[in-house]
Amino acid sequence: GNHRWCAVDPRVGTAATVAESIMNLASVGARPLAVVNCLNFGNPEHPVVMWQLSEAVDGMTEACLAFGVPVIGGNVSLYNESRGSDIDPTPVVGTLGLIDELTVRPPSVALVEGGRILLLGETQRELSGSLWARNQGHVEGTLPEVDYDAIAKVAGLVRQLVADRMVVGTHDVSSGGVGLAVAEMAVRSGVGARLARISDHIDLFSESVGRTIVCVEADRAREVLDLCELHGYHYHTGLVFA
């Protein structure tokens, strides 16, 4: 769940939440099967809260239809307030995935010495709804677009790379953007990274969904890039280990 996204736009934010769960599964080589949810909202007797709930349901419906995953269960928690104010709309999803053939442990959130990082998927230069924007006091704006076809394509690529053992580390990009994702991989593995070709803080902290960072052994980087180019996947090679 991501209350910041949904506070800006409950429909797009909920769709993005579903998309993030799809990318999470892809990072371990799993394809999505079904979704359950918990819809946490304020007082539905307030018109704006009822609108938020309706928009969130529509956003989840749109995303689940696009990804072909049914909603098989869930619950609703209403009248949630803090000091008399309604909470941000906070739909939470849990997505069940299946790894078709599990023969080795999936790659973890890690880097390796001398490896190369690739950012798969396209970054939209928009900070609305992001952790960075909230920390600056910005709570409105327009969320990055949720491109279902592009997200499904990148998820399929990541699943293939994991299944073919072509990557040694994976991490989907969500809260905190590329900056936080790479930092988490570095801390987890004890391997530092140098970020090149990052234009500014927007590239670093945008939370546009449908992106995954993969860590590749140096001698396999060209192989992965060739695969991306062969199938027309969008990738960014400007992330390099130190």
- prompt: Who pairs with Asp58 by salt bridge (charged side-chain N to carboxylate O under 4.0 Å, His left out), at least two apart in sequence or on another chain?
  reply: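 Result, salt bridge (charged side-chain N to carboxylate O under 4.0 Å, His left out) vs Asp58: Arg11.
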
Exercise: do Thr103 and Arg165 side chains pair donor with acceptor under 3.5 Å: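 Side-chain D/A pair, Thr103 to Arg165: present.
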
- prompt: Judged by modelled atom types alone, do Ser77 and Asn80 share a side-chain donor-acceptor pair under 3.5 Å?
  reply: yes

Is a side-chain N or O of [X] found less than 3.5 angstrom from the main chain of [Y], in a donor-acceptor match?
X      : Y      : answer
Glu126 : Ser128 : yes
Asn40  : Thr90  : yes
Gln124 : Glu145 : yes
Asn43  : Tyr79  : no
Thr170 : Ser27  : yes
Thr14  : Pro10  : yes

query: Measuring from Asp9:CG to Gln52:CD, what's the distance to the nearest 0.5 Å?
result: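 Between Asp9 CG and Gln52 CD, I get 10.5 Å after rounding to 0.5 Å.
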
- line: Rounded to the nearest 0.5 Å, the CZ atom of Arg211 sits from the NE2 atom of His171 at a distance of 12.0 Å

Whether over 12 other heavy atoms sit under 6.0 Å from Arg188 CZ: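 Open.
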
Mutual orientation of the aromatic rings belonging to His201 and Trp132 [parallel < 30°, tilted 30-60°, perpendicular > 60°]: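 Rings of His201 and Trp132: tilted, 30 to 60°.
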
- request: For residues Asp86 and Ser82, determine if any side-chain heavy atom of one lies less than 4.5 Å from a side-chain heavy atom of the other.
  value: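 Result no, sub-4.5 Å side-chain heavy-atom pair not found.
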
